[in-house]
2 protein chains.
Amino acid sequence: MATIKDVARQAGVSVATVSRVINGSPLTKSDTADLVKRTMRELGYRPNAAARTLVSKRSRAIGVVVADVSDPFFGSLVKHVDTIAHRQGHHLLIGNGYHEAAREKQAIESLIQNQVASLIVHSKALDDDTLRAFSEEHGAIVFINRLIPGLEGRCIFLDNYRGAFLATEHLIEQGHRYVAYIGSSHPIEDTVQRQQGYEDALNTYRVTDKTHPVMMAFDTPDETGGERAMAKLMADNPNLSAVFCYNDIMAAGAMTALTDRDFRVPEDVSVVGFDDSLIARYLHPKLTSVRYPIEEMAALAAEQAIAVSSQQPMRDEKGNYTPTLIKRNSVAKPNE
Amino acid sequence: MATIKDVARQAGVSVATVSRVINGSPLTKSDTADLVKRTMRELGYRPNAAARTLVSKRSRAIGVVVADVSDPFFGSLVKHVDTIAHRQGHHLLIGNGYHEAAREKQAIESLIQNQVASLIVHSKALDDDTLRAFSEEHGAIVFINRLIPGLEGRCIFLDNYRGAFLATEHLIEQGHRYVAYIGSSHPIEDTVQRQQGYEDALNTYRVTDKTHPVMMAFDTPDETGGERAMAKLMADNPNLSAVFCYNDIMAAGAMTALTDRDFRVPEDVSVVGFDDSLIARYLHPKLTSVRYPIEEMAALAAEQAIAVSSQQPMRDEKGNYTPTLIKRNSVAKPNE
DNA sequence: CTGAAAGCGCTAACAT
DNA sequence: ATGTTAGCGCTTTCAG
């Protein structure tokens, strides 16, 4: 690889001059600049990013920690971060946390070590204190899908409670009285917030009459988990007519369980999911789901992260996003 | 950030000693090593990766270029590369090419500049010469989903032809005579290879009788493309009873077009997809599809890339993968 | 407008 | 077993 010295020698200038044209410094004569540029091209010169980062103490890298890139939800998050990053001349380092505290921690540490200028972290397994410590260490970390007390300005998150409330309310408004909740057995805050929204919606509508019982089942947040939870719910509650699920995948499992038992969706049982992920549109019937505006959230996270890292004035946008309900074909009025 | 000097001073040793314990050199007394380790911990020291890369001329980074991380297919590829990389102490830099030559080129260049030790490239828009030039420049590039003449040992790819043949043959064996192909209008080699496999399967079965006509339509490789192509096919060929599609998304679109016209799948028309992606299992009916073993391919790519970059002896595995047919519920025997 | 020179934090001879 | 030291490729004063 040609170095800056090679270019300097070949062009008959000093390395300082070459450095200046690399960085587009205005105080180089355009003649010299042209000469240098030509030489760089001839030599196939590429500035060594490691050297630049070392000396200037700032890289153009943005680190992203997600649970699992192969999950379309996180894929989408990464993509939108990349779009913004690319626009600003930054590139991405990624780390997978796989919902495990140790892996998440390791991923963050690895990225810090690799001198990322900023960091976008989706962590559910690490506690507030650990995250606060990282935030103190790095300075340019933005947390996505999480609200950490004391770090409100660095958090971008969704109102899970409201999404769940919306979904449950929609079901109630359709006339359902026996609405169940299928939750995740993973001990992360999202599931309790969604459960709370579900329960509160139910409670809101039974202040006058006591006719909306709470029915819940918890299992792993995947397809078979949804299937098992639904099976359990059906066994325990014969007159159930609607379910709100923690996410779309569990909803898919729930629909399978229902279909296997000859219940039709939505004629016999209505189903609502959460995330409005890719599969929502491919399920049969198409799934009504709470939309998670991850694209916007990821883009904002990237903008904030880069702004903080380059001490630009950060647009003071609130990190709190409100979900909306996307109505498709998995909800109908109850029978009778 | 504490540097190696800080640690050395604090521990009362030289930077060389600290460097030795960082790198697990065996020639340090375990007493000193322990002391140094403790000091590193106390100071919250993290080795500066940029400095290490600069001086040692090798990083522990592996670059991955895909078309779009938010596509589950690529997400899966990235994940499996990460798994292997992580196991070997490497981390990932990613770049999106979005099927555009300029973006792909830029992504590769950016990664090279960032001193990745190795590179896994999924490129469909760049020509062989460009890719060969990059390969010459970097040395540790592995190409995935592509076969570049002269670089066979660095290519990991799927036998598209065989996959298409398999799918078409399966349809014929079920008794179908009017089997159509929905292809991608993008000018990449995959689509012509799959078309060839389709045509050859048809030809194989009409050597004795001329009863299997070729019927094709091409459109964008997405859902609406599949829908349009299917509509066109139906209009032109009233007695068509089966379609083989370029990928699962187009198959999804085709199924929509069919359903909209009151044709049942698979009773009236059988459908086969390609990739066996996430959605294949969620479509209704579940889609029979050609499985693309991207996980294994990605893992092998990562292993090879790392091996080459660290001049380890590379296991001489062939990069040629054979697809298999995953039978689900979208294929049946034809009517009558 | 350009050049000389001092490091950035670390590794790897080379000494001891 | 440990210390000294010369850079890696680049940016950035500071002089001219």
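Note that the structure is predicted; figures quoted are calculated from it, not measured. FYI, side chains are in, hydrogens and waters are out, and symmetry mates aren't considered; it's all heavy atoms of this structure. So that the names make sense, note that chain A is the first sequence line, chain B the second, and so on, each numbered from 1.
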Between B:Glu104 and B:Ser123, do the side chains contain an N or O donor and an N or O acceptor separated by less than 3.5 Å? yes
How is B:Thr32 classified with respect to the nucleic acid when contacts are heavy atoms under 4.0 Å: base, sugar-phosphate, or nothing? sugar-phosphate
Let me see the working for A:Gln10 and A:Thr39 under side chain to side chain donor-acceptor pair (under 3.5 Å), right down to the final yes or no. CA-CA 7 Å; A:Gln10 176 90 3; A:Thr39 313; over 6 Å; no
Considering only NZ, NE, NH1 and NH2 on the basic side and carboxylate oxygens on the acidic side, decide whether B:Lys105 and B:Glu109 come within less than 4.0 Å. yes
With rounding to the nearest 0.5 angstrom, report the SG to CG distance, B:Cys155 to B:Leu131. 8.0 Å
Excluding sequence neighbours, so at least two apart, what forms salt bridge (Lys or Arg N to Asp or Glu O under 4.0 Å) with B:Arg103? none
Residue mapping more 5' on DNA chain D - nearest nucleotide basis, B:Ser30 or B:Val55: B:Ser30
Members of residues 13-22 of chain A that approach DNA chain D, where some heavy atom sits under 4.0 Å away: A:Ala16, A:Ser19, A:Arg20
Please evaluate residues B:Asn23 and B:Arg52 with respect to the criterion side chain to side chain donor-acceptor pair (under 3.5 Å), reporting the C-alpha separation (whole Å), side-chain torsions for both, the decisive distance (0.1 Å), and the verdict. CA-CA 11 Å; B:Asn23 297 289; B:Arg52 303 180 77 168; 2.7 Å; yes
What heavy-atom pair brings A:Arg132 and A:Pro149 nearest, and what distance separates the two atoms? NH1-O, 2.6 Å
What do the steps show when you test B:Ser70 against B:Asp68 for side chain to side chain donor-acceptor pair (under 3.5 Å), and what is the final call? CA-CA 5 Å; B:Ser70 70; B:Asp68 180 352; 2.8 Å; yes
What I want to find out is whether B:Asp82 reaches B:Lys79 closely enough, with some N-O distance under 4.0 Å, to be called a salt bridge. no
Restricting to non-hydrogen atoms, name the atom on B:Ala107 and the atom on B:Asn96 that form the minimum distance, rounded to 0.1 Å. CB-O, 4.2 Å
Within residues 36-47 of chain B, which residues have any heavy atom lying less than 4.0 Å from an atom of DNA chain D? none
At a heavy-atom distance below 4.0 Å, which nucleotide of DNA chain D is the first touched by chain A, and which is the last? D:dC8 to D:dT13
Min and max contacting nt of DNA chain C in 5' to 3' order, chain B heavy atoms within under 4.0 angstrom, are C:dC8 to C:dA13
In short, A:Ile294 meets A:Ser76 closest at the heavy-atom pair CG2-OG, 3.9 Å
How would you list, by chain and number, every residue that makes a ring pair (Phe, Tyr, Trp, His ring centres under 6.0 Å) with A:Phe143, sequence neighbours excluded? none
Would you say the ring centroid of A:Tyr292 lies under 6.0 angstrom from that of A:Phe73? yes
